[in-house]
Each structure stands twice: as structure tokens, then as C-alpha cells.
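In what follows, chains carry the letters A, B, and so on, assigned in the order in which the sequence lines appear, proteins first and then strands, with residues in each chain numbered from 1.
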There are 2 protein chains.
Amino acid sequence: MARTTIKDIAEECGVSLSTVSLVLNNNPRISASTREKVLKAVERHQYQPNVFARSLASRSSHVLSVVMPDLNHVFSDTYFGEIVSGIYDRASEIGYKVLLDVANQRFVSTGEHVALLTSKRVDAALFIGSSIYDEYLTRLETEQLPVVLVNHFMPGHKLSYVAADYKETARIAADHLLGLGHRQIGILSGTNTHTALEFRNTFIDACVASGLREEDLPWADGWFSEQGGYEAAQWLLDRNPRITALMGGNDKMAIGAMRLLKERKLRVPDDISVLGVDDTPASAFTNPGLSTIRHDLFHIGSLAVDAALALFNGDSKLLQKTLPVQMIARESTGPAPHRP
Amino acid sequence: MARTTIKDIAEECGVSLSTVSLVLNNNPRISASTREKVLKAVERHQYQPNVFARSLASRSSHVLSVVMPDLNHVFSDTYFGEIVSGIYDRASEIGYKVLLDVANQRFVSTGEHVALLTSKRVDAALFIGSSIYDEYLTRLETEQLPVVLVNHFMPGHKLSYVAADYKETARIAADHLLGLGHRQIGILSGTNTHTALEFRNTFIDACVASGLREEDLPWADGWFSEQGGYEAAQWLLDRNPRITALMGGNDKMAIGAMRLLKERKLRVPDDISVLGVDDTPASAFTNPGLSTIRHDLFHIGSLAVDAALALFNGDSKLLQKTLPVQMIARESTGPAPHRP
DNA sequence: CGCCATGAGTAAACCCTTTTACGATGGTGC
DNA sequence: GCACCATCGTAAAAGGGTTTACTCATGGCG
């Protein structure tokens, strides 16, 4: 039994194909009575338009691609997970589907990241967490494709993005720690991303502006993971035992650092304060609860969807949106201890 | 500038549309010389076939849907993440794309879970982690759609699945704990899934067969999460202080239980042993390392892809595959302590 | 009463490939 | 020299919608 097509509906209702199509697309040209007749038949037959025929004719697929970075276990990372949830929610709310991609070697070298868009397979693409070195993004820029970077950006490139305000994050973080009296702060800096760079630089600048010396703001690069935070903290503490606070590049790094501190029998926050960034769900459940600067990743994801579609619809050429952040003070930060 | 189509290529090469199409589909009917000529033109124009036209004509979308359960933070759950990784990897290996879906209220009530397949939008669908109550699956059964349940199943239904051997898992677990001398074992049983039921029942049967009494095998239901494990463990320990081992329904529950034990100053495994199921990445990093029965979720994901496509291609009507599991003994299980 | 604007619907072109039945060409065996 | 067969291509029919320009009544207006 063949699927029922628009033709079947048209014949049954004694109208033309176009009429049915117009009804289905809510075109006001069709009278209420005809509309109803058609809709009834549609309902009766459980008619489902063929999405391919539709996409082919309308040049819109109603599909969004989300491109994940090629990291181990990306699909179970809370940071990415929150963003994907936001994307998925918003997309399905407005009738869009989400296609999964990973920016791995093959994906880039075969040019699939471009073909995906030029072949109209997807209306737009959302890139999550690409790194400084992701030169492939430039091709997306030159070809003016509907692409949005999610919670990161590429300075000097005309690429749209929706991202948390990392500068403001850094300033709030600096204020918070300085206000608690910390004068030697170690920075667990994420690696390979412009946001990480911007965060670190702004943080340092803010501290220096308040009278700290650069040498009292040692930093170490590391992966944005518990392990990365653990190792970076280790490196920093071994060289700078007088540090009274650790600034994590994200919550996971901060959590990794806290594990190290526990192993070293350093109390948080009595001996050393730890501050994170993101406010991923786990942060509320650490012990002590992690103070952090909240980035609303879910919301960033949904806004990215809207931005991407605005680009696709030609409403705009370039969208660069920076979102406010919020200090969440829990228990992992406290007054700086006296160091003799 | 319009996209180059198969027609452009054909004209440029002085051959028919069909010829180009056949070349592109590696049909041996076309001679090597013609083939080469066409491929050169394709290369020169960076020609990309229009996927929609292709899907429309060929009735195959080369897309798979992965349907996630409607849980909080599914997209950052390691269990689901591992499976999705396996699915994604295998799918992209064989030229398939992966579409994301969530089995939420809307998805089911609108019949999208069926329409997705009947409308040929996707070639097949992979359902991850549906529950006992997911009646909507029965419609997939009656309509004989290409659907595979991933690491779970529905007894009494003719639904294909690829799942770890939960019975064997239960037996291995029982052997392991009994071998260590445990005689009173609390079970942190996952809830709402047939695999959880099967696991619990088989575990109890195995223990009883070895001479334990049922009343020494108390169990508590809980969500498959750290929190769920924590609470279930709490409930069990409060009522059964003589327990010497806790059997987690999965690693997360086991990890949650370990947190509780730490809070209660009970040493693992000296005072109480803890055993998990799955061997998700985190299990190697707990302290002490979590003993567990390994389910190769990544592999299960890839096999599910192959199974789904076998169904789609009509190679088979029903595929029910059970995969071997493996004991991973780390430090969280040890000899039962003497309880006076 | 004739003209025109408006509303409702339709015809037909178009979107781009796949696929099957058929055609042409040249060679083979007898 | 003929029937027959491969081999290589092609024509044309799907596949199922969208969309634009056009038709045809109808009613209002001057």
C-alpha cells in the first residue's frame, strides 16, 4: 500500500493539488470551507507530507546541524549536554529537527562542514566548542553561510556567535576574589579557545588594575576537564605555595582542582578558595558547593537556534550576541587566610 | 548562482543525466573512460548531489533517528553518551547521518515516533532507554517498522533489540559477591525498566540458589542516577544494618551509594563492598575504583546501527541480540567482614 | 451597464535524482 | 551473411511537493 500523497487528498476533496498544498501551508488564499474539507481528509488519512519532496521544492529542510568538537566522550559532557538540550528544545519548539555532527578530521577534510550547508541538507549549522586552530571555520565565513558559533567566537572573523560575556565573567570573578582579600591567585586556564584567552587576560588585567602584581597571578593551561584542572592546580601549587585562591577556567577544572586539594589535605575555602565558571549542574553537588559564575548554557543554546534561523532567513548577515552572567556564591570561596 | 546539478555535469560531458547518475552510484554499466570524464567534471565543479532529490527518488534517506528518553540532562549522561557515541561512529562510518529525538510527550502523542519512519524521513530508529510504561512502542511493533531498542527490550513484544546480557551480568555479580563471602546483600535496583527487573530477579535467584535466604537480599528501587543510588542505599542501610555488600543497578547508583557510605564513615570495601554495572568511564576514577560488570555500550550502539539497517533493508524481520559482559574487579569489592 | 478590483482556486513549471525498459553498436559463432 | 549477445548509454517515467502566474466569478462603484 502506497503512502497517501497530496494527490490522494486532492482527488478525494475534488480540489487541485495546489489547493491542498496551500491549505497545508496555511495560505490565507483558501476559503475556510475548503480549508476545513481538506483538513478533514488529511486527518482521516493520517496524511503526512513527504519531507523530502517538501524540502526539495521549498529549498528548506527544517533541519539544523549541531557540530560537536572531536573530543573524547563529548556526548556525555555536561557542558555540551546543556547546550545541546537548549538547542534541541528550541528547535523542536519551532518545528525544526536536529542533526548530529562531529567536527572530526573526516568531517572537515572532506569539506562536509561546507557541503552540509551548500547542499541545503540543513538550513543552518551550530558549532559548539571549536578551538583556536579550527581554520576550517574561515571557509564558512567567506561563503557567508548560515552558521552560528555557540558560546565561543573567532576574533577578527565575521562569524556570528552567541556567547556568555567572558570579559564580564572575568571581572566579576576578580571582584569576588579580590573582595575576599585574595592577593595571590592561581589561574587554571582552559586551553585552545579564544574565550579562555579572553577570560584569562581580562581576569589578569582586572586584578592588576586593583593593584596586584602579575607575578602573583600565575596561570597554567589545561584541558577543560576535571583531569585538566587537577593537573594545572598541581603545577601551580608546586610552584606557588602561597596562592590563596584558584580560579578555574570552568567548573570541571575547578572540581578537578578541589580533588587535588582534598588529597593534599587543604581545606576549601579555609586554606584556599576555588571559583569556577559555568554553573553546570554538578557544581551544586560538590562538597563544599562550588562558587561559580553562571553561564546560562541552555539559554545560549536556544538563542543560537534563533540566531541561526535569522541568518538562514536572511533577516540578518551577522549576529554577535553576548549574554549576561551571574555570580553564584556557594561555599568554595571565602576570606583569604593569613599567610605568615 | 544556482547550485550545479547533475544536469550541468551531464551537459558539460556530453552525456545523459542517467549516465552521470549511474557513475555517481558506481554502477558498473558505465565504461571506465566515461566514468572518468564524469568524475573529473564532478570534481571540477565540486558537485554535491542534492540529498533531498536523492532521498525522494531512492526512498532512502540515509538518516537514522536516535530517540533519547525524556529525562533531565539526558544529553550529558555518560550512559547515554557512550551509546550515542557508538551509534554516531558506526553511522558515519557507513555514510549515515544521525537525527536527534526525545521521546517526550509531544513526540509520542503526535505520533511522530511512527510518522518519522512511515514518512521515510529516517530509514530506521534506535530507541534508547525506554521504560516499562512506554506503550507507544507497541505501535512500532504492529506496523513492523525498522526499529531497534538499544540495551533494553520489551518482553512479549516482537521488537528487535541489541542489549547486554543482564541475566549473565546478574549471575556474574552474584558469583563475585558470594565468592567473597557476602551473605547479606542489598540491591539498589533501577526502576521502570525490564532490564532492571530481569537483573534483580536473576540476581536474587542466583543468590538463593547458592543458599542465601530471600530476606537477606533486600532491595530498593531508585532512579538510575547517583542521587537514586544514594537514596536507595540510605533506605536499605537504615533497615538492614548487617548488609556487607551493595549491588548497584548501574555504576551511577553504585557511585551514589559510595558517597553515602563515605558520609557515614563506612569504609569501602573493608566495611562494605560496592559493585556496579556498566563500567562507564567514571568508574575507573572513583576512589576506591569501582568494581563493575562491563557492558560495552559503545559497541552496543554500533551493533544497533547495523541491526537497524538490516531491518531497513529487509534482510531480517526481527533481530534480538544479547551481548556478553565482563567482570571488572577494581577495589570497591572485597571479602565480607565478620559481623558479630 | 460597463469596468475593475477582489477573492478563490487552478494549471503548470520547477525542484533534482533514481531507475527501468529500451536502443544502438560492434563482435562472435556457425 | 545472419542470428544473437554483450556492452554501453539513453529516454522517460517516476518520486511528491511548492509556487507563481493566471483564470474565473462576483460584487461594488461610478
Exercise: do A:Asp123 and A:Tyr96 side chains pair donor with acceptor under 3.5 Å
yes
Which part of the nucleic acid does A:Ser31 contact within heavy-atom distance under 4.0 Å: base, sugar-phosphate only, or nothing?
sugar-phosphate
Rounded to whole Å, please give me the gap between CZ in A:Phe52 and P in C:dC16.
16 Å
Can you work out whether B:Ala57 or B:Thr34 has the more 5'-proximal nearest nucleotide on DNA chain D?
B:Thr34
Classify the nucleic acid contact of A:Arg29 as base, sugar-phosphate or nothing, counting any heavy atom under 4.0 Å across all strands shown.
base
Atom-pair distance (CG on A:Leu17; C1' on C:dC14), nearest Å:
14 Å
Using whole Å, what does the distance between atom P of nucleotide D:dA6 and atom CD1 of B:Ile30 come to?
18 Å
Pick base, sugar-phosphate or nothing for A:Val51, based on heavy-atom distances below 4.0 Å to the nucleic acid.
nothing
Regarding B:Asp8 and B:Tyr47, is there a side-chain donor-to-acceptor distance under 3.5 Å anywhere?
no
A:Leu56 side-chain proximity, nearest of D:dG17, C:dC15, C:dT10
C:dC15
Can we say A:Glu93 and A:Arg90 salt-bridge, meaning some charged N sits less than 4.0 Å from an Asp/Glu carboxylate O?
yes
Would you confirm whether A:Ser16, through its side chain, and A:Thr19, through its main-chain N or O, come within 3.5 Å as a donor-acceptor pair?
yes
Nearest-angstrom distance from the residue atom CD of A:Glu11 to P of D:dG16
13 Å
Give B:Leu22 one of three labels, base, sugar-phosphate or nothing, depending on what nucleic acid heavy atoms sit under 4.0 Å from its own.
base
Mind checking A:Ser21 for me? I need base, sugar-phosphate or nothing, with any heavy atom below 4.0 Å counting as a touch.
base
Whole-Å distance between C:dT17 P and A:Asn50 CG?
16 Å
Sorted by position of nearest nucleotide on DNA chain D, 5' first, the leading residue of B:Gly14 and A:Ser58 is B:Gly14
Would you mind classifying the nucleic acid contact of A:Val20 as base, sugar-phosphate or nothing, using non-hydrogen atoms under 4.0 angstrom?
nothing
Using the side-chain heavy atoms of B:Ile6, tell me which of these nucleotides is nearest: D:dT10, D:dG17, C:dT18.
C:dT18
Picking from D:dG17, D:dG15, C:dT10, which would you name as closest to the side chain of A:Pro49?
D:dG17
When you measure only distances, ignoring hydrogens and angles, does the side chain of A:Ser16 come within 3.5 Å of the base of C:dA11 through a donor and an acceptor?
no
For the side chain of B:Asn27 and the backbone of B:Arg29, is there at least one donor-acceptor N/O pair under 3.5 Å apart?
yes
For B:Thr19 and for A:Arg59, find the nucleotide of DNA chain C with the closest heavy atom, then tell me which residue's nucleotide is more 5'.
A:Arg59
